[in-house]
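Notes for the one structure printed next.
These figures come from a predicted structure and were not determined experimentally. Each ligand, and each atom within it, is numbered from 1 in the order the structure gives. Residue indices begin at 1 and follow the sequence shown.
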Amino acid sequence: MKNLLVTGGAGFIGSNFVKYVLANFDYNVINLDKLTYAGNLENLSDIEKNPKYKFVKADICEEKDVNEILQKYEIDTIINFAAESHVDRSILGSKEFVVTNVLGTQVLLDAAKNLKIEKFLQVSTDEVYGSLPEDKKEIKFTESTSITPSSPYSASKASADMLCHSYFHTHNFPILITRCSNNYGPYQFPEKLIPLMIAKALGGEKLPVYGDGKNIRDWLYVEDHCSGIMTVLEKGKFGEVYNIGGNNEWYNIDIVKLILKRLGKGEEFITYVKDRPGHDRRYAIDSGKIQRELGWKPAHLFEEGIEKTIKWYIENESWWKKVMSGEYQKYFEKNYGNK
Ligand code: NAD
Ligand code: TYD
């Protein structure tokens with residue numbers, strides 16, 4: 001059986017992914033996570049005793065630890081989810097983004113190359129392509145769209161992608177890269193749009209919409225991202241990039257209104273706040289390549305996925321209340337205090 005190292009497996013997508021793999025595939029899964037504010041082992045409590053699963057607390061930037069873990073667990077496949085992932089935090093301070101997203105990827109790549117790992121999949125983002133014009137709906141991101149990231153977060157992810165590509169080109173190292181659009185679903189940290197708005201609406205608080213609310217994001221249910229990653233892992237061609245997306249563009253304001261309506265709250269809860277600096281206007285993914293070449297397609301309709309997600313946050317209030325206390329309050333003060 002293959003020994004799969006998942007980094008960042010205690011975060012939003014990583015924890016959904018670990019559970020998805022254990023339920024649907026035959027891999028031993030080793031989850032390496034530093035447990036930053038975004039990592040939460042509660043996300044994995046239902047599988048923690050699974051004999052095919054092991055958690056190791058470690059930092060992807062620590063060369064010695066990474067080398068030891070790869071050898072100890074005889075890892076043959078790596079999927080790198082570990083990252084600082086929130087644009088607003090990268091605007092407040094970008095150092096951690098460069099350290100984890102760029103240096104951490106380099107440490108993993110070197111260790112993996114030296115130990116002749118069979119496959120390395122880098123989980124990247126559509127944000128590396130920058131922003132699309134709002135009025136030209138026919139234009140979407142393809143794998144050959146130029147890389148023009150506009151936030152410190154997306155710049156750090158783009159740097160990691162380029163480093164991965166260079167290892168393929170220079171060392172013939174077995175790299176696969178996926179670039180997905182915005183995810184939503186259970187266990188997403190309530191600093192990102194959808195869970196934040198659900199939590200605010202449930203708490204009877206104001207919902208802070210940046211700028212004019214007309215920025216567009218292309219939303220994909222997290223499990224569809226997981227199935228896309230597994231498709232690329234098992235069928236993708238080394239050195240290639242695969243976009244993953246659901247062809248599901250929404251104005252932010254319409255998402256916010258939909259959440260309020262579902263929760264029986266009025267639009268008077270919406271409050272327009274100062275825009276995010278450098279705010280990308282529109283993201284939209286063309287996922288034709290993965291659909292055509294690897295036969296992947298999303299399984300969830302947006303209506304179904306958002307209903308599941310809202311229901312999950314209603315039923316798991318203690319989860320999000322806990323992660324929103326403490327340190328989170330300080331971040332919230334810093335990001336929204338002057339908006
Ligand atoms: P997240 O912030 O919820 O989780 C990140 C995880 O990485 C956490 O568990 C954290 O503890 C861990 N981590 C951070 N620094 C680490 C380090 N130095 N060493 C080990 N572990 C560390 O992020 P997410 O939303 O689940 O995103 C996961 C990946 O998917 C990221 O690489 C992100 O760029 C990418 N991605 C996210 C989205 C999205 O919509 N959320 C879309 C496309 C791509
Ligand atoms: P976010 O979930 O942070 O994802 P990303 O910036 O990586 O796409 O934000 C999604 C969109 O929602 C983005 O256009 C910014 C906007 N937004 C708000 O309007 N208010 C908020 O409080 C947050 C967190 C985001």
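Closest heavy-atom contact between Phe81 and Gly8: CB-O, 4.2 Å. Of all heavy-atom pairs spanning Asp33 and Gly39, the tightest one is OD1-CA, 4.3 Å. When all heavy atoms of Asn67 and Ala111 are compared, the closest pair comes out as OD1-CB, 3.7 Å. Shown here for Thr105 and Ala160, the closest heavy-atom pair between the two residues is OG1-CB, 3.8 Å.
If you check which protein heavy atom lies closest to atom 16 (C) of ligand 2, you get Asn252 ND2, 3.4 Å. The protein atom (non-hydrogen) at minimum distance from atom 13 (C) of ligand 2 is His279 NE2, 3.4 Å. Among all protein heavy atoms, the one lying closest to atom 24 (C) of ligand 2 is Glu191 O, 3.1 Å. The nearest protein atom to atom 7 (O) of ligand 2, hydrogens excluded, is given as Glu127 OE2, 2.6 Å; this is a heavy-atom distance. At the shortest separation from atom 8 (O) of ligand 2 among protein heavy atoms lies Arg217 NE, 2.7 Å. The protein heavy atom nearest to atom 20 (N) of ligand 2 is Pro208 O, 2.8 Å.
Using modelled atom types and a 3.5 Å distance limit, the side chains of Tyr37 and His86 yield no donor-acceptor pair. Counted by atom type alone, Asn247 and Lys140 present one or more donor-acceptor pairs between their side chains at under 3.5 Å. Between Thr7 and Asn80, the side chains place a donor N or O and an acceptor N or O closer than 3.5 Å (distance only, hydrogens not considered). Using modelled atom types and a 3.5 Å distance limit, the side chains of Glu84 and Tyr153 yield no donor-acceptor pair.
Near His86, the atoms of ligand 2 lying under 4.0 angstrom from a non-hydrogen atom of the residue are 3 (O). Below 4.0 Å from some heavy atom of Asn215 lie the following atoms of ligand 2, by number and element: 14 (O). Interface of Phe81 with ligand 1, defined as ligand atoms under 4.0 Å from a residue heavy atom, comprises 28 (C), 29 (C), 31 (C), 32 (O). Close approach of ligand 1 to Thr36 (heavy-atom distance below 4.0 Å) involves ligand atoms 10 (C), 11 (O), 14 (C), 15 (N). Those atoms of ligand 1 that come under 4.0 Å of a heavy atom in Ser181, given as number and element, are 42 (C), 43 (C). For ligand 1 and Ala58, the ligand atoms under 4.0 Å from any heavy atom of the residue are 19 (N), 20 (C). Under a 4.0 Å criterion applied to the non-hydrogen atoms of Ser124, ligand 1 contributes the atoms 43 (C), 44 (C). Here is the list of ligand 2 atoms found below 4.0 Å of a heavy atom in Val87: 6 (O), 7 (O). Close approach of ligand 2 to Met197 is summarised as follows: ligand atoms under 4.0 Å from at least one heavy atom of the residue are 20 (N), 21 (C), 22 (O). The atoms of ligand 2 that sit less than 4.0 Å from any heavy atom of Leu196 are 22 (O). With ligand atoms numbered from 1 in the order given, ligand 1 contributes 31 (C), 32 (O), 33 (C), 34 (O) to contacts under 4.0 Å with heavy atoms of Lys157. Near Tyr153, meaning under 4.0 Å from one of its heavy atoms, ligand 1 places the atoms 33 (C), 34 (O). Of all the atoms in ligand 1, the ones that sit under 4.0 Å from a non-hydrogen atom of Ala82 are 7 (O), 20 (C), 21 (N), 22 (C). Ligand 2 places these atoms under 4.0 Å from at least one heavy atom of Val209: 19 (O).
The side-chain heavy atoms of Tyr129 and Thr142, taken from C-beta on, include no pair separated by under 4.5 Å. In this structure, Lys214 and Arg281 have side chains that are in contact, with non-hydrogen atoms separated by less than 4.5 Å. Taking 4.5 Å as the limit, some side-chain heavy atom of Phe238 sits within range of a side-chain heavy atom of Leu176.
Counting only non-hydrogen atoms, the option in Asp59, Asn101, Thr178 that gets closest to atom 17 (C) of ligand 1 is Asp59. With distances taken over non-hydrogen atoms, the option nearest atom 9 (O) of ligand 2 out of Lys192, Arg276, Lys339, Lys214 is Arg276. Checking Tyr210, Tyr336, Tyr272, Trp219 against atom 19 (O) of ligand 2, the nearest heavy atom belongs to Tyr210. With distances taken over non-hydrogen atoms, the option nearest atom 5 (C) of ligand 1 out of Ala83, Gly39, Gly8, Ala160 is Ala83. Of the options Asp88, Asn182, Leu193, the smallest heavy-atom separation from atom 4 (O) of ligand 2 is shown by Asn182. With atom 20 (C) of ligand 1 as the reference point, the heavy atom nearest to it among Lys34, Glu62, Arg89 is part of Lys34.
For Leu35, every heavy-atom contact with ligand 1 shorter than 4.0 Å involves the backbone, none the side chain. Of all the heavy atoms of Thr100, the ones lying under 4.0 Å from any atom of ligand 1 belong exclusively to the side chain. At a 4.0 Å heavy-atom cut-off, ligand 1 does not touch Ser15 at all.
For the pair Tyr283 and ligand 2, a heavy-atom separation below 4.0 Å is found. Using a 4.0 Å cutoff on heavy atoms, Gly104 does not count as a contact of ligand 1.
Using cut-offs of 30° and 60° on the angle between ring planes, the pair Trp319 and Trp312 is perpendicular. The aromatic rings of Tyr167 and Phe173 sit perpendicular to each other, their planes meeting at more than 60°, with 30° as the lower class boundary.
The number of heavy atoms from other shown groups lying within 6.0 Å of CD (Glu134) is above 12.
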**Message:** Please determine whether side chain to side chain donor-acceptor pair (under 3.5 Å) holds for the pair Asp110 and Gln106, giving the CA-CA distance in whole Å, both sets of side-chain angles, and the decisive distance to 0.1 Å.
**Reply:** CA-CA 6 Å; Asp110 270 348; Gln106 177 266 320; 2.8 Å; yes

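Asn243 places a side-chain N or O within donor-acceptor distance of the main-chain N or O of Phe141, the cut-off being under 3.5 Å.
Note: no N/O pair closer than 3.5 Å links Leu32 and ligand 1 by distance alone.
With sequence neighbours left out, Asp88 forms a salt bridge (Lys or Arg N to Asp or Glu O under 4.0 Å) with Arg276.
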Distance-only donor-acceptor pairs under 3.5 Å for side chains of residues 200-208, two or more places apart:
residue	atom	partner	partner atom	Å
Lys200	NZ	Glu205	OE1	2.8
Lys206	NZ	Glu268	O	3.1

